[in-house]
Amino acid sequence: MLQQTQVDRVLPRWSEWMQRWPTPSALAAEEPGEAVRAWGRLGYPRRALWLHRAAVEIAEQHDDRVPADVDALLALTGIGPYTARAVAAFAFGDRHPVVDTNTRRVIARVMHGRAAAGMPSPTDLTDMERLLPEEPGAAARFNAAAMELGATVCTARAPKCGVCPVAEWCEWRGAGYPDNAPAKRPRQAAFSGSDRQVRGRILESLRDASTPITVAAALAAAADGGLREPEQAQRAYDSLVSDGLIVENGGLASLPT
DNA sequence: AAATCGGGGAA
DNA sequence: TTCCCAGATTT
């Protein structure tokens with residue numbers, strides 16, 4: 001849930017989720033569409049599908065227990081370099097570099113004297129590894145502290161260097177805050193009027209429906225609020241089917257069963 | 001390496 | 001408006 005989504009927005013949804021599905025097998029026993037429905041408006045709904053799939057994988061292949069091994073975690077659907085190491089470090093207390101978007105920015109500034117991080121890279125992990133304390137518990141705290149520093153002090157916009165505990169060793173500060181940010185990822189297209197927004201509308205209508213709806217109704221929901229071009233409705237619908245977020249059966253559309 | 005995938009909150 | 005967020009997958 002936390003992948004590209006702010007902590008404050010995730011917490012309430014996470015609490016509901018864990019109360020409803022306390023174990024992987026509990027979630028695995030549900031239809032995938034129920035996970036998509038409970039996901040609500042968190043965004044990137046494919047993550048709900050992937051989380052359900054990971055629950056099935058854990059239930060079937062790992063005796064209903066989340067594996068502690070990083071490679072086993074990486075083999076789970078939707079678990080990548082960040083999440084695998086976050087689980088290994090924070091849930092199991094093992095020593096791994098955990099690098100999220102906040103930590104990447106802290107590393108870029110403190111270690112490399114750059115205003116911002118570049119594209120994610122495996123060198124992020126080796127950089128963090130160099131800073132990590134030897135003792136596993138201390139390493140886990142260090143990982144969390146780096147993320148927290150980036151989230152609250154070494155922020156993307158207006159860093160609070162006056163209260164930063166590592167300001168003294170910061171290469172970027174030492175160099176006089178050069179405007180040397182490397183090529184950042186291309187700006188995301190406007191959400192308003194986008195296919196993403198149309199996908200969201202279709203999915204919302206399906207979450208709200210207790211029974212399958214006609215494809216025509218789904219396409220009507222796509223157009224609710226306006227379209228840039230008429231083909232958007234069908235294109236968004238097809239992409240949802242292609243992603244497995246919609247299943248179509250005899251002219252009826254529903255969340256995956 | 002680049003494209004794709006939401007949606008909300010803050011500046 | 002624009003930026004950014006406890007990323008991962010696919011091409």
Side-chain angles (χ1 to χ4, degrees), chain A residues 1-14 36 39-54 57 70 73-91 96-108 115-125 128 140-160 181-207 222 225 232 235-246:
Chain A
M1 287 180 177
L2 289 165
Q3 292 165 1
Q4 289 284 280
T5 306
Q6 291 89 336
V7 175
D8 289 345
R9 204 150 65 87
V10 163
L11 280 178
R13 188 67 56 186
W14 178 80
V36 175
W39 197 258
R41 307 181 62 83
L42 271 186
Y44 292 127
R46 293 185 300 183
R47 294 182 298 171
L49 225 43
W50 293 340
L51 182 51
H52 180 273
R53 198 171 307 159
E57 291 162 359
V70 169
L73 286 162
L74 285 171
L76 297 171
T77 302
I79 305 298
Y82 162 72
T83 308
R85 290 175 180 80
V87 170
F90 300 140
H96 299 283
V98 181
V99 180
D100 77 331
T101 183
N102 294 302
T103 299
R104 288 186 345 95
R105 181 174 52 252
V106 171
I107 289 173
M119 301 294 289
S121 144
T123 63
D124 298 337
L125 293 179
M128 190 60 173
R141 285 193 296 278
F142 190 92
N143 280 312
M147 287 190 283
E148 197 69 11
L149 185 68
T152 63
V153 175
C154 193
T155 49
R157 309 272 184 115
K160 305 171 179 63
K184 42 187 175 185
R185 43 215 303 171
R187 193 169 70 75
Q188 182 174 321
F191 180 62
S192 181
S194 66
D195 282 12
R196 284 183 171 185
Q197 184 179 40
V198 177
R199 278 168 57 104
R201 287 186 201 138
I202 299 175
L203 222 47
E204 180 172 27
S205 74
L206 285 168
R207 286 197 308 267
Q232 259 190 307
R235 192 166 63 229
Y237 178 89
D238 289 343
S239 75
L240 287 168
V241 172
S242 161
D243 285 345
L245 287 163
I246 291 180

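Labels below follow one simple rule: chain letters A, B, ... track the order of the sequence lines, proteins then strands, and each chain is numbered from 1.
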Neighbour count above 12 (heavy atom, 6.0 Å) for Glu204(A) CD: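 Yes.
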Side chain of Arg9(A) (C-beta onward), nearest among dG7(B), dA8(C), dC5(C): dG7(B)
Closest to the Phe191(A) side chain, choosing from dA6(C), dG7(B), dT4(B): dG7(B)
If we only count heavy atoms from C-beta on, is the [X] to [Y] side-chain gap below 4.5 Å?
X         : Y         : result
Gln4(A)   : Tyr44(A)  : yes
Phe90(A)  : Asn143(A) : yes
Asn102(A) : Leu149(A) : no

5'-most by nearest nucleotide on DNA chain C - Ala151(A) or Arg53(A): Ala151(A)
Give the rounded distance in Å between these two atoms: [atom1] of [X] and [atom2] of [N].
X         : N      : atom1 : atom2 : value
Arg47(A)  : dA6(C) : CZ    : C1'   : 11 Å
Tyr44(A)  : dG7(C) : OH    : P     : 10 Å
Trp50(A)  : dG6(B) : CH2   : C1'   : 12 Å
Asp8(A)   : dG9(B) : CG    : P     : 10 Å
Arg199(A) : dT4(B) : CZ    : P     : 12 Å
Asp195(A) : dA3(B) : CG    : C1'   : 14 Å
Leu125(A) : dG7(C) : CG    : C1'   : 13 Å
Arg13(A)  : dG6(B) : CZ    : P     : 16 Å

Contact class for [X] vs. all strands (heavy atom < 4.0 Å): base, sugar-phosphate, or nothing?
X         : value
Thr83(A)  : sugar-phosphate
Leu42(A)  : base
Pro120(A) : nothing
Gly43(A)  : base
Arg41(A)  : sugar-phosphate

Any donor-acceptor N or O pair under 3.5 Å, side chains Asp100(A), Thr103(A):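 Distance-only check passes for Asp100(A) and Thr103(A).
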side-chain hydrogen bond (donor to acceptor under 3.5 Å, both in side chains) partners of Thr155(A), counting only residues at least two apart: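 Per chain and number, Thr155(A) pairs via side-chain hydrogen bond (donor to acceptor under 3.5 Å, both in side chains) with no residue.
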Restricting to nitrogen or oxygen on both sides, can you table the protein-nucleotides 1-4 of chain C pairs closer than 3.5 Å?
unit_1: dC3(C); atom_1: O2; unit_2: Arg157(A); atom_2: NH2; d: 2.7

Val36(A) to Arg207(A) - nearest heavy-atom pair and separation: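 Val36(A) and Arg207(A) have their closest heavy atoms at O-CD, 3.7 Å.
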side-chain hydrogen bond (donor to acceptor under 3.5 Å, both in side chains), paired with Thr77(A), selected from His52(A), Arg47(A), Glu57(A): Glu57(A)
Please state the [atom1] separation for the pair [N] and [M] - nearest whole angstrom.
N       : M      : atom1 : answer
dA11(B) : dA6(C) : P     : 14 Å
dG8(B)  : dA8(C) : P     : 22 Å
dG6(B)  : dC4(C) : C1'   : 13 Å

Arg46(A) side-chain N/O to dA8(C) phosphate OP1/OP2 under 4.0 Å: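 Checking Arg46(A) against dA8(C): no side-chain N or O falls below 4.0 Å of OP1 or OP2.
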Under 4.0 angstrom between Gln4(A) side-chain N/O and dG7(C) OP1 or OP2: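 Yes.
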N/O donor-acceptor pair, side chain Thr5(A) with base dG6(B), under 3.5 angstrom: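 Answer yes: a donor N or O sits under 3.5 Å from an acceptor.
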